[in-house]
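Starting from 1, each residue takes its place in the sequence as its number.
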Amino acid sequence: MGFFVSIKYKFCDIFCKVRERRWTFVFCAAVTLIGFILGIVFFCISNYGWWYYNRCSYASKLPEAGFGVFMSYLFACVVLYLLYALCNMTRVTHYLTFFVNLVACIYCGATTAAVFVYSTVWGIMYVITVVLIWLTTMCFAYFCCMIEPPVCRSFTESICDSKELQFVLFVGFVCKIISMFVILKILTMLI
């Protein structure tokens with residue numbers, strides 16, 4: 001029972017910080033949406049180049065949702081966490097979290113556009129079940145990094161100081177896996 005109470009308090013802490021720094025959160029949400037839209041635009045103007053075929057190849061694997069998709073989600077989550085932790089090490093690199101979030105959202109937008117090339121109905125279900133969760137996770141992860149004070153610290157200290165970031169990415173990863181492998185699979189079978 002104490003585990004669920006600690007999760008509830010962690011959510012309350014994050015939402016209290018969102019209320020306290022609402023303009024920072026609005027900025028984080030705007031950057032996340034801009035990155036997502038840029039990903040769609042870059043995919044559309046790639047004109048059947050490498051980027052187009054790379055994203056379409058990945059999108060064709062998503063309906064199968066096998067072990068490779070799970071590993072790609074896990075790898076993306078771990079890489080994002082490590083990049084955010086590295087960005088929070090010094091005062092100069094603290095503001096590079098902007099680019100980490102932007103690149104992650106560009107990939108999300110391009111993959112979403114590729115899913116719509118693959119299948120429109122499946123793309124709509126993918127957006128509703130997976131993409132919205134992942135964009136919300138990215139927005140909150142970026143917010144957790146932005147509110148960290150920009151002080152110089154070692155990599156170990158950066159890992160220890162980013163408990164909220166760990167929590168947000170873990171919850172987002174679990175929700176994304178559940179929505180991809182359970183909810184979306186059930187919806188796909190019903191259609």
Side-chain angles (χ1 to χ4, degrees), residues 10-11 14-15 17-19 21-46 51 54-56 58-59 61-63 65 69-85 87 95-148 162 164-185 187-188:
K10 192 64 95 170
F11 274 118
I14 291 171
F15 285 119
K17 289 181 180 178
V18 167
R19 277 192 304 254
R21 299 179 181 183
R22 70 178 60 95
W23 291 112
T24 304
F25 184 75
V26 168
F27 175 75
C28 295
V31 168
T32 302
L33 286 176
I34 288 170
F36 182 72
I37 292 168
L38 280 176
I40 294 171
V41 169
F42 288 161
F43 178 81
C44 291
I45 64 172
S46 66
W51 177 252
N54 181 304
R55 293 293 88 203
C56 283
Y58 181 72
K61 297 175 188 172
L62 288 177
V69 173
F70 173 79
M71 289 307 292
S72 70
Y73 285 168
L74 181 63
F75 181 74
C77 200
V78 168
V79 166
L80 280 173
Y81 175 68
L82 291 176
L83 287 174
Y84 279 136
C87 287
Y95 299 103
L96 291 178
T97 56
F98 170 81
F99 293 109
V100 172
N101 185 46
L102 196 65
V103 168
C105 292
I106 286 172
Y107 266 91
C108 182
T111 303
T112 304
V115 167
F116 274 96
V117 167
Y118 183 70
S119 170
T120 305
V121 174
W122 203 85
I124 292 170
M125 292 187 305
Y126 181 75
V127 166
I128 292 170
T129 57
V130 177
V131 173
L132 291 177
I133 290 171
W134 190 239
L135 287 177
T136 305
T137 302
M138 290 306 304
C139 181
F140 277 100
Y142 182 44
F143 175 75
C144 289
C145 287
M146 286 293 291
I147 63 173
E148 278 292 318
S162 60
E164 290 173 346
L165 175 64
Q166 293 170 6
F167 178 74
V168 166
L169 286 176
F170 178 75
V171 168
F173 173 73
V174 169
C175 290
K176 188 175 180 181
I177 293 299
I178 289 172
S179 64
M180 182 71 183
F181 289 96
V182 177
I183 297 170
L184 198 55
K185 283 291 187 180
L187 288 175
T188 305

Exercise. K17: what forms a salt bridge (charged side-chain N to carboxylate O under 4.0 Å, His left out) with it, not counting sequence neighbours?
Worked result: E164
Using a 3.5 Å cut-off and no angle test, enumerate the donor-acceptor pairs between side-chain atoms of residues 96-112 and protein atoms at least two apart in sequence or in another chain.
residue : atom : partner : partner atom : Å
T97     : OG1  : H94     : O            : 3.1
N101    : ND2  : T32     : OG1          : 3.2
T111    : OG1  : R55     : NH1          : 2.7
T111    : OG1  : Y107    : O            : 2.8
T112    : OG1  : C108    : O            : 2.8

For this session: Measure the CZ-CZ distance between F181 and F70 for me, rounded to the nearest 0.5 Å.
Result: 7.0 Å
For this session: Please determine which of V130, V174, V131, L132 meets the side-chain contact (heavy atoms from CB on, under 4.5 Å) test together with S179.
Result: V130
For this session: Give every residue pair that meets the side chain to side chain donor-acceptor pair (under 3.5 Å) criterion with at least one member in residues 115-124, sequence neighbours excluded.
Result: W122-T188
Problem set entry | Set of ring pair (Phe, Tyr, Trp, His ring centres under 6.0 Å) partners for F25, sequence neighbours left out | F140, F143
Exercise. Can you name the ring pair (Phe, Tyr, Trp, His ring centres under 6.0 Å) partners of F116, sequence neighbours left out?
Worked result: none
Problem set entry | Interatomic spacing from CD1 in I14 to CD1 in I147 - rounded to 0.5 Å | 8.0 Å
Exercise. Y73 versus M180: any side-chain heavy-atom pair under 4.5 Å?
Worked result: yes
Exercise. C144 and V168: which non-hydrogen atoms are nearest, and at how many Å?
Worked result: SG-CG2, 3.9 Å
Problem set entry | ring pair (Phe, Tyr, Trp, His ring centres under 6.0 Å) partners for Y95, two or more places apart | none
I'd like a table of donor-acceptor pairs (distance under 3.5 Å, sequence neighbours excluded) in which one partner is a side-chain atom from residues 75-85, with atom names and distances.
residue : atom : partner : partner atom : Å
Y81     : OH   : S162    : OG           : 3.2
Y81     : OH   : Q166    : NE2          : 2.6

For this session: Kindly write out the residues that satisfy ring pair (Phe, Tyr, Trp, His ring centres under 6.0 Å) with F27, not counting sequence neighbours, or none if the list is empty.
Result: none
Problem set entry | With sequence neighbours excluded, residues passing side-chain contact (heavy atoms from CB on, under 4.5 Å) with A29 | C139
Seminar exercise, completed: So the side chain to side chain donor-acceptor pair (under 3.5 Å) pairs with at least one residue in residues 128-146 (sequence neighbours excluded) are none
Exercise. Applying salt bridge (Lys or Arg N to Asp or Glu O under 4.0 Å), which residue pairs with at least one partner in residues 135-148 are found, sequence neighbours left out?
Worked result: E148-R153
For this session: Can you sort out the partners of Y58 under side chain to side chain donor-acceptor pair (under 3.5 Å), two or more places apart, ordered by chain and number?
Result: S72
Seminar exercise, completed: Heavy-atom closest pair (G172 atom, I133 atom, distance to 0.1 Å) is O-CG2, 4.1 Å
